[in-house]
**Q** 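Okay, handing you the structure first.
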Amino acid sequence: MSVAGAVFGDWDGSIAGARALQVELARQVSLRDGFRDPPRTLAGFDVGFEDAGGTTRAAVVLLDADTLQPRAAHVARVPTSMPYVPGLLSFRELPALLAALELLDERPDLVLVDGQGIAHPRRLGIAAHFGVVTGLPSIGVAKKPLAVRFDPPGPERGDRTPLLLGDERVGDALRSKPRCNPLIVSPGHEVSIDAATRLVLRYTTRYRLPEPTRLADRLASRRGALPLPGFDTDG
DNA sequence: GCGACAG
DNA sequence: ATCTTGTCGC
């Protein structure tokens with residue numbers, strides 16, 4: 001069975017087929033708070049590319065939810081199988097994320113993924129797709145909106161405005177740091193909108209991005225080693 | 001029909 | 001995402 005087959009079931013590889021699969025999987029998303037509250041461990045995921053795009057590189061960082069200190073970090077590399085198509089990001093990056101997840105020897109209580117959750121045209125951004133296929137509670141933290149409209153949140157840390165898909169609220173634009181563009185936060189799976197925003201704010205310290213995603217970012221792009229010594233770093 | 005469009 | 005230095009503003 002192909003890598004895509006193992007991840008995407010009977011997807012025929014077409015754009016139309018991918019969109020149809022998204023609609024089907026989106027029905028399985030739960031917005032109920034099903035995570036251990038408070039979470040003890042967090043995992044942040046992000047993707048980068050090597051070899052002029054030929055290799056997809058996924059990074060995962062496991063953190064202590066109380067101290068926000070990293071406990072483990074891994075990098076997985078898989079051949080890039082698809083180009084970037086707006087709205088179909090997960091079909092390009094999810095296989096690498098799942099490979100990174102398997103390098104973890106512990107199931108995290110909560111996952112943060114760089115990208116959209118349900119703030120997506122068919123309500124299945126990569127964080128929601130990740131949550132449905134893994135069963136893990138997840139949140140999408142994107143740096144830019146995709147298919148939503150929102151008013152700019154106020155200037156203070158914690159200020160937020162609803163993300164609207166038509167007339168439905170699918171997440172929040174969150175000012176995580178003054179003078180920075182708001183984060184685009186939406187639930188992935190097993191997390192409510194309010195909890196998603198509250199948690200992302202809680203895990204944000206002195207930077208724009210919350211620690212889990214920020215550290216995974218540094219590891220996924222080829223310029224970052226993690227700040228702390230003394231824990232295992234694969235990849 | 002046209003433009004916009006996570007990473 | 002990636003190619004890439006300095007620079008302006010708080």
Side-chain angles (χ1 to χ4, degrees), chain A residues 7 15-16 18-19 21-22 25-26 29 44-61 75-100 111-132 138-150 154-157 159 163-166 170-189 196-197 200 206-210 212-224 235:
Chain A
V7 176
I15 298 300
R19 295 196 177 115
L21 181 53
Q22 288 181 321
L25 292 176
V29 169
F45 286 84
D46 192 29
V47 165
F49 295 87
E50 302 174 350
D51 308 332
T55 299
T56 302
R57 170 187 165 117
V60 57
V61 178
V75 171
R77 294 177 176 79
V78 306
T80 302
S81 57
M82 215 189 107
Y84 167 67
V85 179
L88 300 184
L89 181 70
S90 61
F91 289 81
R92 172 175 165 87
E93 300 189 350
L94 190 57
L97 292 187
L98 297 179
V111 166
L112 275 67
V113 180
D114 188 313
Q116 313 294 349
I118 62 169
H120 176 280
R122 287 165 297 281
R123 306 186 50 134
L124 196 83
I126 188 167
H129 197 159
F130 181 99
V132 167
S138 62
I139 298 172
V141 184
K143 296 181 283 298
K144 297 188 300 189
L146 177 57
V148 296
R149 61 185 185 76
F150 62 93
E156 306 294 313
R157 168 184 158 85
D159 286 346
L163 256 32
L164 300 175
L165 198 55
V170 292
D172 285 326
L174 173 66
R175 190 80 65 188
S176 57
K177 178 183 179 181
R179 296 181 308 281
C180 285
N181 290 325
L183 297 179
I184 308 303
V185 180
S186 61
H189 186 51
T197 298
V200 168
R206 64 191 317 192
Y207 305 95
R208 180 193 178 208
L209 299 179
T213 296
R214 186 180 74 83
L215 295 178
D217 245 306
R218 300 178 48 159
L219 207 52
S221 63
R222 80 192 91 176
R223 57 185 143 128

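Reckoned from all heavy atoms, side chains included, excluding hydrogens, waters and symmetry mates. Letters go in sequence order (proteins before strands), and every chain restarts at 1.
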**Q** So, the side chain of A:Ser186 versus the backbone of A:Ile118: is there a donor-acceptor pair under 3.5 Å, distance only?
**A**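 Flag set: sc A:Ser186 to bb A:Ile118 pair under 3.5 Å.
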**Q** For A:Asp46 and C:dT2, give me the distance from atom CG to atom P, rounded to whole Å.
**A**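 Checked: the CG to P distance equals 8 Å.
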**Q** If a pair satisfies salt bridge (Lys or Arg N to Asp or Glu O under 4.0 Å) and one of its residues is in residues 84-94 of chain A, list it, with sequence neighbours excluded.
**A**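 Found none.
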**Q** Could you check how far CG of A:Leu89 sits from P of B:dA4, rounded to whole Å?
**A**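 In whole Å, B:dA4 P lies 20 Å from A:Leu89 CG.
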**Q** Rounding to an integer number of Å, can you tell me how far A:Leu209 CG sits from B:dG7 C1'?
**A**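 Rounded to whole Å, this separation is 13 Å.
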**Q** With under 30° as parallel and over 60° as perpendicular, where do the rings of A:Phe45 and A:Phe130 fit, or are they tilted in between?
**A**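 Geometry flag for A:Phe130 against A:Phe45: tilted rings.
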**Q** Rounded to the nearest Å, what distance is computed from the CZ atom of residue A:Phe91 to the P atom of nucleotide B:dG7?
**A**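 One finds 18 Å between P of B:dG7 and CZ of A:Phe91, rounded.
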**Q** Is there a side-chain contact between A:Lys143 and the phosphate of B:dG7, meaning an N or O under 4.0 Å from OP1 or OP2?
**A**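 Yes, A:Lys143 has a side-chain N/O under 4.0 Å of OP1/OP2 on B:dG7.
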**Q** Please examine the side chains of A:Gln22 and A:Leu88, heavy atoms only from C-beta on, and report whether any two atoms are closer than 4.5 Å.
**A**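 In contact.
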**Q** For DNA chain B, what string of dots and brackets results from 5' to 3' when Watson-Crick and G-U pairs need both distances under 3.5 Å, crossing pairs get [ ], and pairs with another strand get |?
**A** .......
**Q** Can a donor-acceptor pair be found, under 3.5 Å and without considering hydrogens, that links the side chain of A:Ser221 to the backbone of A:Asp217?
**A**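 Side chain of A:Ser221 to backbone of A:Asp217: a pair is present.
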**Q** For A:Gly87, report the nucleic acid contact type (base, sugar-phosphate, nothing); a contact means any heavy atom under 4.0 Å.
**A**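 Counting heavy atoms under 4.0 Å across all strands, the contact made by A:Gly87 includes a base.
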**Q** Find out whether A:Val148 and A:Leu164 are in side-chain contact, i.e. whether some heavy atom of one side chain is under 4.5 Å from a heavy atom of the other.
**A**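 With C-beta onward as the side chain, the pair stays apart.
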**Q** Hey, does A:Met82 have a side-chain heavy atom less than 4.5 Å from the side chain of A:Leu89?
**A**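 No. Closest side-chain heavy atoms not under 4.5 Å.
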**Q** For a quick check of understanding: with a heavy-atom distance under 4.0 Å over all strands, which category does A:Gly48 fall into, base, sugar-phosphate or nothing?
**A**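 Sugar-phosphate, backbone atoms only, no base.
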**Q** Could you state the atom-to-atom distance from CZ of A:Phe150 to P of B:dC5 in whole Å?
**A**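 Going from A:Phe150 (CZ) to B:dC5 (P), I get 12 Å.
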**Q** Are the ring of A:Tyr84 and the base ring of B:dG7 both nearer than 5.5 Å at their centres and tilted by less than 30°?
**A**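 Here the ring of A:Tyr84 and the base of B:dG7 are stacked, with centres under 5.5 Å and planes under 30°.
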**Q** Measure from CG on A:Leu112 to C1' on B:dG7 and round the result to the nearest Å.
**A**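 Atom-to-atom, A:Leu112 to B:dG7, this comes out as 16 Å.
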**Q** Checking A:Arg208 side chain against A:Lys143 main chain: does a donor-acceptor pair fall under 3.5 Å?
**A**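 Such a contact is found between A:Arg208 side chain and A:Lys143 backbone.
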**Q** In what stems does DNA chain C take part, counting only runs of at least 3 consecutive Watson-Crick or G-U pairs whose two distances fall under 3.5 Å?
**A**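 Detected stem regions: none for this strand.
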**Q** Donor-acceptor pair, distance only, cut-off 3.5 Å: does the side chain of A:Thr80 make one with the backbone of A:Gly53?
**A**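 Yes.
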**Q** Under 4.0 angstrom, heavy atoms only, what part of the nucleic acid is A:Pro145 near: base, sugar-phosphate, or nothing?
**A**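 Sugar-phosphate, backbone atoms only, no base.
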**Q** Just call it for A:Ile126: base, sugar-phosphate, or nothing, with non-hydrogen atoms closer than 4.0 Å on any strand.
**A**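 Contact class for A:Ile126: base.
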**Q** Donor-acceptor pair, A:Ser138 side chain versus A:His189 backbone, under 3.5 Å?
**A**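 The answer is yes, because a donor-acceptor pair under 3.5 Å joins these two groups.
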**Q** Atom CZ of A:Arg206 and atom C1' of C:dC10: how far apart are they, to the nearest Å?
**A**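 So the CZ-C1' distance, A:Arg206 to C:dC10, works out to 15 Å.
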**Q** Roughly how many Å is it from CG in A:Leu88 to C1' in B:dC5, rounded to a whole number?
**A**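 Going from A:Leu88 (CG) to B:dC5 (C1'), I get 11 Å.
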**Q** Using a heavy-atom cut-off of under 4.0 Å over every strand shown, decide if A:Leu94 touches base, sugar-phosphate, or nothing.
**A**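 Answer is nothing: A:Leu94 stays at 4.0 Å or more from every strand.
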**Q** When you measure from the side chain of A:Pro86, which nucleotide among B:dG7, B:dC5, C:dT2 comes out closest?
**A**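 Of the candidates, B:dC5 comes closest.
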